[in-house]
Amino acid sequence: MDLILNNIHGVFQGFAVALQPEHLFFIFTGCFLGTLVGVLPGIGPVGAISIVLPITFQMSPTAAVIMLAGIYYGVMYGGSTTSILLNVPGEAASVVTCLDGYQMARQGRAGPALSMAAVGSFLAGTLGLVGLQLIAAPLADVALKFGPPEYFAIILVGFIFIVRLTGGPVIKSAMMACLGLILSQVGLDPVTSEQRMTFGLLHLFEGIGIAPLAMGLFGVAEVFANLEAHQHMETLRVRIRTLIPSRRDWLRARWAMLRGTMVGFFMGILPGGGPVLSTFIAYGLEKRIAKNPNRFGKGAIEGVAAPEAANNAAASTSFIPLMTLGIPPNVVLAILFGAFLIHGVTPGPLLLRQNPDMFWGIIGSMYIGNVILLVLNLPLIPLWVQVLKIPKKVLYPLILLFCVIGAYSVNNSVFDIYVMIFFGLFGCLLRKYGYEGAPLVLAFVLGPLFEVNLRRSLLMSGGSFTIFFTRPIALAILIAAFALLMIPACQAYRKHFPRRGRPS
Amino acid sequence: MDKKELVSAALWLCAALAVMAASLHLGLGVLRHPGPGFLAFWSALLLALLSGVHTWRHRRAREKERPPAGAWVNPPGPAAAWTTAVLILYALALPQLGYLSATFGLMVALFSMGKLKLRTAVSGAVLASVLTFILFDLFLRVPFPRGLFAF
């Protein structure tokens, strides 16, 4: 009962914060920018948040996070528009929507597809928020009882998920995670204040900044990759007759939306999961349980509703580990984690106690943002389609300029521009050699937490690793980590030696 | 074996060995009191092992699965190389010339690389540099370098 009352009180508190005119403006701005970025292919939410981050430095921490969060879930909405109308996914979480959404558009049913995507996004986003507000507060209370061994174990599981789920070959992802850990070690030692791998450069004493690193890897590298891609985009003229789906569409899509929401809900919480993966799983699930799977890929409305619901639910629930444990579950939240820190706020179990206005304000802003996005998306579809006509030779120089300004303005340092250029080139090479940047950034962000908790645990135990096995929560988490490692190994073993161990 | 993969694995191995050496120099400490190089050393060791496993796995790849070209077949293309050069020049010029002049130059160069007409490139560069100066320097109070011309 207390939980429910606290939640109701918290939601009202959140709305009181979010409905302040200043915050409403930033919610709207975040949602608008997010939709814009979702529509434009090439710039994902990571690049967008990195670029916008410096603009938030003059804002209050709550306003800054509200706006950056708005960009994140706004991207999820915006991506569906061009996926359906033009077969061009604005960002990775909208790739699956192209499969059936574009086919619906070609059949003259673009309107229902867009409406279903918007309604599914809204419902899933809102349900995800209900889950977020119900789970976050109790989980934050539990997390207060965690010590360094528990945190170490959680981050270790996070690393394993990141490596397993971020896509690409596992070994390459693991190598990137190791590299991220190494890069996170640059700077002064948190315990002894000794210089580590700074090469005597004063600018590296505080370590490599997350903003220039992320802007380089995701903003500049993206521009470099697109400069070489020479893609030609064919625009299909689609006439939208009606936006209202038929009764049959609703009947088909309602359960798909709910299943997509469930998938997104859990994938959002999972470290390394997030919106992109949830769309593929939701789509696969719909196809698997469909009476006629052949309809998929030919304009099945479930193929639009489920992934769109999944990515929005995942976007909402991915805030749970960040705001309760202080652990970002995906790369976008890792940048947001950096934004929290830059604004002097440490996300984690103490966030609710120390900054309740901010905690509930973010949740309240997301409810309002979902409504804004629903209103913003459908009437402005013609505008979003026009946005795609901005020539790349104008767009890319402007993106680079914003990256440069963003890198500079974090510390007002030209050195950070060099860091960004270096990681831009490095990110471009990584792509060419088939390495993912996401595990690197996540490990880079989690690295200091991982190190501090490992060292504190070893100090507590007098150098014995048994501390991780004698504390029940840490042990349970480590068993889960071991299982996560062993399941794919067992599957690989069975695949390579199918007859071994079986009676002939 | 795919040379591209071999080169990348070799580079990771070299990087890992360098980090291990640096970590040893920093000091690993003891388990009850880990030193500054502790985590970096073990991360680098894992990176070295993984690059070894990566090499071993690719050695097993069959001849016909190899891509035809050599290791550096896919370096960043000329567009990316030129853009990088322009960005480095910009970073060098920024403290000397100041934000407005340096950014104007950067944008003219980038727009021209996109084959915009010179007049369009120049007017676009003026707009981009002035508007961002107003937004970031005057409105958001980011202290851009003023340089020789004091703007």
Side-chain angles (χ1 to χ4, degrees), chain A residues 54-55 57-58 169 171-172 174-175 177-179 181-182 184-185 189 191-192 194-197 220 223-225 227-228 391-394 396-398 400-402 404-405 408-409 412 414-415 417-418 420-421 424-425 428-429 432-435 447 450-451 454-455 458-459 461-465, chain B residues 4-5 7-8 12 15-16 19 22-23 26-27 30-40 43-44 46-47 50-51 53-54 57 74-77 79-80 83-84 87-88 90-92 94-95 103 106-107 110-111 113-116 124-125 128-129 132 135-136 139-145:
Chain A
I55 298 177
F57 291 165
Q58 302 299 319
I171 287 193
K172 286 186 169 180
M175 286 160 82
C178 288
L179 191 66
L181 265 180
I182 292 168
S184 75
Q185 301 292 295
D189 181 89
V191 180
T192 62
E194 266 184 75
Q195 286 182 48
R196 298 191 297 194
M197 294 178 268
V220 178
V223 173
F224 285 171
L227 283 175
E228 293 172 32
K392 288 182 177 178
K393 55 190 171 187
V394 174
Y396 291 147
L398 291 176
L400 284 177
L401 177 61
F402 276 98
V404 165
I405 296 171
Y408 173 83
S409 54
N412 303 324
V414 176
F415 181 80
I417 300 179
Y418 290 113
M420 183 201 73
I421 298 168
L425 209 55
C428 190
L429 279 170
K432 284 178 179 286
Y433 283 78
Y435 291 87
F450 185 74
E451 184 191 16
L454 172 64
R455 286 169 76 172
L458 290 174
L459 277 168
S461 66
S464 169
F465 279 98
Chain B
K4 198 169 141 185
E5 298 294 342
V7 168
S8 69
W12 294 131
V19 173
S23 309
L26 284 167
V30 287
L31 274 181
R32 82 169 70 90
H33 191 75
F38 182 78
L39 187 60
S43 307
L46 188 57
L47 179 61
L50 287 169
S51 57
V53 173
H54 186 59
R57 282 181 67 174
N74 262 342
T83 311
T84 307
L87 286 171
I88 291 172
Y90 173 75
L92 287 168
L94 184 62
T103 306
L106 170 77
M107 296 313 285
L110 291 177
F111 283 141
M113 282 165 65
K115 292 182 180 127
L116 280 183
S129 46
T132 50
L135 175 67
F136 287 94
F139 185 63
L140 294 171
R141 305 204 179 280
V142 174
F144 285 131

Evaluate side-chain contact (heavy atoms from CB on, under 4.5 Å) for B:Arg32 paired with A:Leu458, printing each intermediate quantity in order.
CA-CA 6 Å; B:Arg32 82 169 70 90; A:Leu458 290 174; over 6 Å; no
Do the non-hydrogen side-chain atoms of A:Lys172 and B:Leu50 ever get within less than 4.5 Å of each other?
no
For B:Thr83, give me all partners under side-chain contact (heavy atoms from CB on, under 4.5 Å), at least two apart in sequence or on another chain.
A:Phe224, A:Leu227, A:Leu400, B:Leu87, B:Leu110, B:Met113
Only counting residues at least two apart or in another chain, list the ones meeting ring-ring contact (aromatic ring centres under 6.0 Å, His included) with B:Phe144.
A:Tyr408, B:Tyr99
Point-to-point distance, once rounded to the nearest 0.5 Å, from CG of B:Leu47 to CG of A:Leu181:
10.5 Å
Side-chain contact test, heavy atoms from C-beta onward, threshold under 4.5 Å: evaluate it for A:Val414 versus B:Tyr90 and give yes or no.
no
Atom pair CG (B:Leu39) and CD (A:Gln185), whose distance is rounded to the nearest 0.5 Å:
4.5 Å
Does A:Arg196 use its side chain to pair, donor to acceptor, with the backbone of B:Pro36 at less than 3.5 Å?
yes
Would you compute the distance between atom CD1 of A:Ile417 and atom CG of B:Leu94 and round it to the nearest 0.5 angstrom?
5.0 Å
Once rounded to the nearest 0.5 Å, what's the spacing between atom CG of A:Asp189 and atom CZ of B:Phe38?
12.5 Å
Side chains of B:Ser8 and A:Tyr435: closer than 4.5 Å at any heavy-atom pair?
yes
Point-to-point distance, once rounded to the nearest 0.5 Å, from OG of B:Ser43 to CD of A:Glu451:
8.5 Å
